[in-house]
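So the structure is just underneath, and the comments pick up after that.
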Amino acid sequence: MVKLLEIRDGVKTKNNVFSYTSDNIIREGDTLVVFESGDNIKQIVMKRNQTFQNKFGAFPHNDIIDKLQFGTKMYSKTMMGWVYILRPNSHIYTSSLAQRTQILYTPDISQVLFRLELRPGFRVVESGTGSGSLSVSIMKAIVPTGHLFTYEFNQVRSQRAIEDFQRLGFYPQNVHVTHRDVLNNGFLLKDESTGEFLVNENTIDAIFLDLPSPEKAVPHAYKVLKRGGKLCNFSPCIEQVQKAVQEMARQGFYEIKTYETLSKDFSSSHHNYQSFKQQVKPTIVTEENGNKQQDNLGDTNTGNLNKRQLKQKDKGMLVTAPKIESRGHTGFLTFAIKF
Amino acid sequence: MLRKIKHFKAMVDLGQLIGKEYGQFFEVRDSKSGELIEVTDVHQLTNQFLEDVDFGDAEENEEVKEIIDPVAGRDNRDYVDDNKSQKLSHEEIEALKKQGMSGNELIQQLVQNSETFSKRTKFSQEKYLRKKKQKYQITFQLKKPTALELCNVYSQTQPAKIMGLRADSLALLLNMANINQESRVILLDKTKGLLTGALIEKDVREILHVEFTGHQLKLQNEIFLEYNYKPDKVKRIQYLHHTNLDQSIVQSDSLLNAIIQTKTKHYNSMIMVHEDFNQVEMYNHIEHLIQPSASIAVFSLYIQSLAELKDHLLTNKKAVNIKIEELWTREYQVLPMRTHPNMNMHGASGFILSAVKVE
RNA sequence: GCCCGUCUAGCUCAGUGGUAGAGCGCCAGACUUUUAAUCUGGUGGUCGAGGGUUCGAUCCCCUCGGUGGGCG
């Protein structure tokens, strides 16, 4: 459900999934995120008379719509547990996305947005669309006046992308989704009804490629980019990067730079480094009395405390360590500028 | 503002750049007078080796064979570094420069008079030329002062001025804070305006910059001024000293007054890049102005302070999806038979905490 | 009828920020209360079965089976 939000700088602005509302209330048709725990985040669309369910029980949409704010805690009907209801931000959107393909994740997306220097009003080309993870972040950066032209060679995926972008409030005013094999057919695009060029030569501010043979798309990219326009290519394999980089140099791109960005996650916890003098001596049974006795070394009086009491007395040192399951290699990002 | 700058060994009068387009390259025709000519051939800026030798059949290429097969080729086994391979003397080179010889012509002279140049591999020749170009064919580009460019410049020259916030971390910080054209941002930072400028670049709606240093507002904004923003953009920024959050009348701006007096949870993004004070304390001082479900992003060179903040947010159930991460970014040299990571740039990259506020 | 979990060690488990962590069992040593108890140390793991998808690196999907919960 797309609502007119306001008129700003003479441009009609429409609500999208990231839009600000001062009352912060959840409405019917909103896409929201249910946060159960760090590795259990789900996207749902608010529809009357529907119910979300998880291990804690049922969460009726009717109890949310027009009643709850984003960012609040909600208990299940059985009161067995609770979840947090969040407004999607770009990181959470990406990590709760329904994946149809391998997708770009937040660290790479951030580099793409920043090094392409995307800003409101930009005309951007992207291929392939994939699951739309990057597309949504690009659109977030260029609305309300900018436009994304995204190309996908799989018919089903391009259709699903349109449905997603419409639900999120970006389609049709901020994005064109085109079903096309750009390696063979390039990026030039005409409006079907008027015959006017939507994407013409030297009209695009930035272009992003995520394709099997990127070098074949580089000449097409050069054609539609403006002078000074920026190109970014994502490829998982170094051989793809080499071919693409060479083609960029031959076409007339400069400042060709290739990066790999890895993100290392850290966990933190409390660890109690006790004094070795506070250890409890093992239980000793003596023949004389047959009784169990405890004997403590040193002048400590914490030896009688159990583990829980010790924990409450002193949480210990706050320690951090890298998580082993951090994501490894994703791909190489190459940036270049059209001369 | 007209002034001269020193670039490598040349003095350049910036006045001659007025009216030129951003992105243009210039070659210093004469390092004494600072006379400039526009670069019109992109291939002057790129690596010839990369353009000439195909990756696919690189191993079959005669010149590459020399690199990978020392028997067939040229290597430095017989090379003695006696500093005599250049036949032109220092005086002769200076004389050629005085005659007004162009950088390009001078480099050709150096190549012709080098005993070792022809014995070098193609790859090494390219590297030799690049070094000489830096000396005798000085080129530079006229760039627009953007967040990316300013961040790169300061990272290389004065990283402490921007709290060690490198481009890759700044990129993640802005994305984690969910910055977009509708954002209302509360900003606690000591980056001298780098961040404020980056937010204006994203065309955010409002910025409230809360200052904690001293007893009254005193801006440290020198980098912000370098963005050259027009006044209508600057209007979106409100600067406030933290003591003003407790006062009844803070500003002439009535909207901001209302927000502060009624303690409205108005802001939907919070960014902190601040090492001077306790981060938990600073957060607690402004959290009543943050909207539930707002995006929180904090950068710090040290993980300990972020761990404290995370612990505070977690145990008091103030936020979810809390994450502390460190970015490792490497640049790669990509050339036929010569692809490898550059010296790693992930020495002290800093850490980023991201979270979503809840109630 | 529909929805949501879960399945790894011989067995049984693992927390609203702890799924390569454990307990039981088993083995060894010490000890004494000796068809065994106690203590100490050790042993044991690649994830229910099958298929598919992504150019590609899986926090991807589907079907089937065991099992637990929820809604109507």
Side-chain angles (χ1 to χ4, degrees), chain A residues 34-42 44 49-63 73-84 91-92 94-108 127-131 133 152-154 156-157 160 181-183 209-217 233-241 243-244 260-263 265-271 281-287 290 292 319 321 323-333, chain B residues 307 310-311 313-324 355-356 358:
Chain A
V34 178
F35 181 93
E36 261 179 58
S37 66
D39 49 9
N40 197 348
I41 305 175
K42 289 209 171 56
I44 52 172
N49 304 321
Q50 290 204 351
T51 300
F52 168 79
Q53 295 204 44
N54 69 5
K55 61 180 171 177
F56 299 126
F59 300 83
H61 291 198
N62 288 0
D63 293 354
K73 194 187 209 177
M74 181 187 186
Y75 283 87
S76 69
K77 271 182 84 173
T78 56
M79 300 298 280
M80 281 168 63
W82 39 266
V83 297
Y84 283 105
H91 173 59
I92 288 186
T94 289
S95 42
S96 59
L97 180 68
Q99 292 185 214
R100 303 183 275 275
T101 59
Q102 185 66 263
I103 62 166
L104 263 81
Y105 294 97
T106 302
D108 286 321
S127 187
T129 311
S131 304
S133 170
E152 168 62 48
F153 72 161
N154 179 300
V156 175
R157 282 204 293 267
R160 294 282 294 278
D181 172 8
V182 295
L183 295 182
L209 305 175
D210 181 357
L211 298 162
S213 310
E215 73 279 1
K216 290 184 191 158
N233 177 69
F234 177 91
S235 294
C237 304
I238 198 71
E239 291 81 3
Q240 294 173 301
V241 175
K243 287 182 190 168
E260 182 189 25
T261 295
L262 303 178
S263 162
D265 272 21
F266 287 82
S267 64
S268 60
S269 55
H270 289 276
H271 188 89
K281 239 192 176 181
T283 305
I284 296 170
V285 180
T286 55
E287 269 190 54
K292 292 180 177 179
V319 293
K323 286 186 185 172
I324 21 177
E325 71 270 22
S326 297
R327 207 183 303 282
H329 173 74
T330 55
F332 301 99
L333 284 170
Chain B
K310 175 181 171 179
D311 191 53
L313 296 174
L314 199 58
T315 53
N316 295 293
K317 300 199 181 337
K318 289 179 171 180
V320 293
N321 213 30
I322 310 171
K323 180 172 171 150
I324 297 177
V356 175
V358 293

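Here is how names work: the chains are called A, B, and so on, in the same order as the sequence lines, proteins then strands, and each is numbered from 1.
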### Query
In terms of the nearest nucleotide of RNA chain C, which residue is placed more toward the 5' end: A:T101 or A:S37?
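This one resolves to A:S37.
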Of all the choices, [options], which nucleotide is nearest to the side chain of [X] once you look at every atom?
{"X": "A:P236", "options": "C:rG56, C:rG17, C:rG70", "answer": "C:rG56"}
{"X": "A:K42", "options": "C:rG5, C:rU54, C:rG17", "answer": "C:rG5"}
{"X": "A:K77", "options": "C:rC71, C:rG56, C:rU58", "answer": "C:rC71"}

### Message
Tell me whether the side-chain N/O atoms of A:K216 come closer than 4.0 Å to OP1 or OP2 in C:rC55.
### Response
no
### Message
It should be established whether A:R157 places a side-chain nitrogen or oxygen under 4.0 Å from OP1 or OP2 of nucleotide C:rC55.
### Response
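So the side chain of A:R157 is within the cut-off, an N or O lying under 4.0 Å from OP1 or OP2 of C:rC55.
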### Task
Grab the two heavy atoms, one from A:L104 and one from A:T94, that are nearest each other, plus how far apart they are.
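The pair with the smallest heavy-atom distance is O-CG2, 3.6 Å.
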#### Entry: Closest non-hydrogen atom pair between A:K73 and B:K317, with its separation
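Looking at all heavy atoms of both residues, the closest pair is NZ-CD, 4.5 Å.
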Quote, to the nearest angstrom, the [atom1] distance that separates [N] from [M].
{"N": "C:rG45", "M": "C:rG23", "atom1": "C1'", "value": "15 Å"}
{"N": "C:rA22", "M": "C:rG1", "atom1": "P", "value": "43 Å"}
{"N": "C:rC61", "M": "C:rC71", "atom1": "P", "value": "26 Å"}
{"N": "C:rG42", "M": "C:rC4", "atom1": "P", "value": "45 Å"}
{"N": "C:rU12", "M": "C:rC7", "atom1": "P", "value": "14 Å"}

Base, sugar-phosphate alone, or nothing: which one does [X] contact when heavy atoms must sit under 4.0 Å apart?
{"X": "B:N321", "answer": "base"}
{"X": "A:G81", "answer": "base"}
{"X": "A:D39", "answer": "nothing"}

### Summary
C:rG18 -> Watson-Crick or G-U wobble partner, both distances under 3.5 Å, gives none
### Task
Would you classify C:rU67 as syn or anti? Syn applies when the glycosidic angle is within 90° of 0.
anti
### Query
A:E215 side chain to A:Q240 main-chain N or O, any donor-acceptor pair under 3.5 Å?
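Such a contact is absent between A:E215 side chain and A:Q240 backbone.
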### Message
Under a 3.5 Å cutoff, is there a donor and acceptor pairing between the side chains of B:N321 and B:K323?
### Response
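No - no donor-acceptor pair under 3.5 Å links their side chains.
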### Query
Does a donor on one side chain sit under 3.5 Å from an acceptor on the other, for A:D265 and A:S267?
no
